[in-house]
Amino acid sequence: MAYWLMKSEPDVFGIDDLKRVRREPWDGVRNYQVRNMMRDDMHKGDLAFFYHSNCEQPGIAGIMRIVGGARPDPAQFDPESRYYDPKSSPDDPRWLLVDVGYQRKLKRNISLHELKCCPELAEMPLVRRGNRLSVMPVTAAQWNFILALE
DNA sequence: GCCAACGTTGGC
DNA sequence: GCCAACGTTGGC
């Protein structure tokens with residue numbers, strides 16, 4: 001089983017939203033590197049940190065599980081969607097999503113600032129300059145270390 | 001295939 | 001709101 005960190009803006013969709021709906025298609029990924037990771041490396045049963053980005057206190061807010069493997073993101077075919085991609089076709093879908101399920105909130109939000117201060121996490125793309133991945137792998141050691149901060 | 005222009009991400 | 005970083009686009 002693999003571990004991940006997935007970013008979302010809480011103003012758009014946060015951990016409390018996932019808690020309410022229990023399960024959600026993680027749509028809108030429009031980055032090839034992330035798409036390839038979802039396609040090749042993400043599997044049903046994997047666990048992921050829910051990270052709040054672009055907000056007052058960026059950080060890890062909860063844990064979710066991958067409950068469905070990669071499948072075409074319907075939003076890419078919807079002209080009304082902000083994720084519409086006219087260059088994609090149902091015959092050859094360009095963008096994928098995975099389905100995630102609510103697991104739990106962390107007892108406290110673990111802020112980006114705090115994560116940045118941990119030498120043990122220095123290799124995480126999250127704390128590295130210029131990183132723009134909205135989904136990134138987390139090693140078992142990093143996962144356990146972060147949970148121990150809780 | 002190069003690279004300038006442009007758009008997006010996301011911390012601050 | 002600013003802006004650094006970086007991915008994508010498209011002219012050549």
Side-chain angles (χ1 to χ4, degrees), chain A residues 2-21 24-42 46-66 69-139 141-143 145-150:
Chain A
Y3 299 102
W4 304 92
L5 181 145
M6 301 168 76
K7 297 178 184 174
S8 181
E9 302 185 18
D11 293 345
V12 179
F13 187 82
I15 187 71
D16 288 323
D17 297 303
L18 182 60
K19 183 177 183 181
R20 191 175 63 249
V21 300
E24 180 78 0
W26 199 267
D27 63 359
V29 169
R30 297 293 180 268
N31 171 285
Y32 289 105
Q33 206 179 335
V34 172
R35 179 203 65 183
N36 295 346
M37 277 194 297
M38 293 198 305
R39 184 188 60 200
D40 303 332
D41 304 321
M42 254 192 173
D46 288 355
L47 290 172
F49 285 129
F50 194 126
Y51 178 88
H52 283 169
S53 68
N54 204 9
C55 57
E56 204 166 323
Q57 209 211 23
I60 296 171
I63 297 174
M64 53 194 173
R65 187 177 290 279
I66 309 303
R71 60 183 174 90
D73 180 350
Q76 69 196 302
F77 308 125
D78 177 7
E80 303 299 312
S81 169
R82 64 175 288 224
Y83 300 127
Y84 178 58
D85 183 349
K87 293 179 184 166
S88 185
S89 78
D91 297 337
D92 185 21
R94 179 178 295 194
W95 304 114
L96 304 173
L97 60 73
V98 296
D99 292 282
V100 300
Y102 177 77
Q103 203 78 7
R104 67 180 180 89
K105 289 176 75 166
L106 295 191
K107 298 186 196 93
R108 65 183 186 89
N109 201 67
I110 300 177
S111 70
L112 176 62
H113 173 76
E114 184 173 354
L115 298 171
K116 277 183 170 172
C117 289
C118 301
E120 293 86 349
L121 303 176
E123 298 305 313
M124 286 188 81
L126 184 72
V127 301
R128 306 198 75 120
R129 202 179 55 132
N131 157 67
R132 300 183 59 192
L133 295 175
S134 62
V135 175
M136 66 187 74
V138 175
T139 69
Q142 291 162 349
W143 181 271
F145 180 84
I146 291 167
L147 281 185
L149 295 175
E150 190 185 5

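Below, chain A is the first sequence line, B the second, and so on; all start at residue 1.
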Next item on the list: To the nearest Å, give me how far apart CZ (A:R94) and C1' (C:dT9) are.
Entry: 12 Å

Next item on the list: Send over the distance from A:E9 CD to B:dG11 P, rounded to a whole Å.
Entry: 9 Å

Next item on the list: State plainly whether the residues A:R20 and A:D17 are in salt-bridge range, i.e. N to O under 4.0 Å.
Entry: yes

Check: To the nearest angstrom, how far is A:R35 atom CZ from C:dT8 atom P?
Finding: 10 Å

Next item on the list: Answer yes or no: are there more than 12 heavy-atom neighbours, outside A:Q33 itself, under 6.0 Å from its atom CD?
Entry: no

Checklist line | Rounded distance (Å) that lies between atom P of C:dC6 and atom CG of A:L133 | finding: 11 Å

Check: Is A:D85 salt-bridged to A:R30, cutoff N-O under 4.0 Å?
Finding: no

Next item on the list: Remember a base hit wins even if backbone is also touched, and classify A:R129 as base, sugar-phosphate or nothing at under 4.0 Å, heavy atoms.
Entry: sugar-phosphate

Check: Heavy atoms, side chains only, cut-off 4.5 Å: are A:R65 and A:V100 in contact?
Finding: no

Next item on the list: Return the value, rounded to whole Å, for the distance between atom CG of A:D11 and atom C1' of B:dG11.
Entry: 14 Å

Item checked: Nearest-nucleotide 5' precedence on DNA chain C, A:N54 against A:N131 -> A:N54

Next item on the list: Would you mind reading off the distance between A:R128 atom CZ and C:dC6 atom P, rounded to a whole angstrom?
Entry: 11 Å

Checklist line | Contact under 4.0 Å: A:K87 side-chain N or O vs C:dT8 OP1/OP2 | finding: no

Next item on the list: With the side chain of A:L112 defined as its heavy atoms from C-beta on, choose the nearest nucleotide among B:dG10, C:dG7, B:dG11.
Entry: B:dG11

Check: For DNA chain B, whose closest nucleotide is more 5', that of A:R82 or that of A:K116?
Finding: A:R82

Note to self: Quick check: any donor-acceptor pair below 3.5 Å linking the side-chain of A:R132 to the base of B:dT8?
What the structure shows: yes

Margin query: Nearest whole Å is fine: how far is B:dG7 C1' from A:Y32 OH?
Written below: 15 Å

Check: Any side-chain N or O of A:Y51 less than 4.0 Å from the OP1 or OP2 oxygen of B:dG11?
Finding: yes

Check: In terms of ring plane angle, is the pair A:W26 and A:F13 parallel, tilted or perpendicular, where the classes change at 30° and 60°?
Finding: perpendicular

Margin query: Would you say A:K7 places a side-chain N or O within less than 4.0 Å of OP1 or OP2 belonging to B:dT8?
Written below: no

Checklist line | Atom-pair distance (CG on A:L126; P on C:dA5), nearest Å | finding: 17 Å

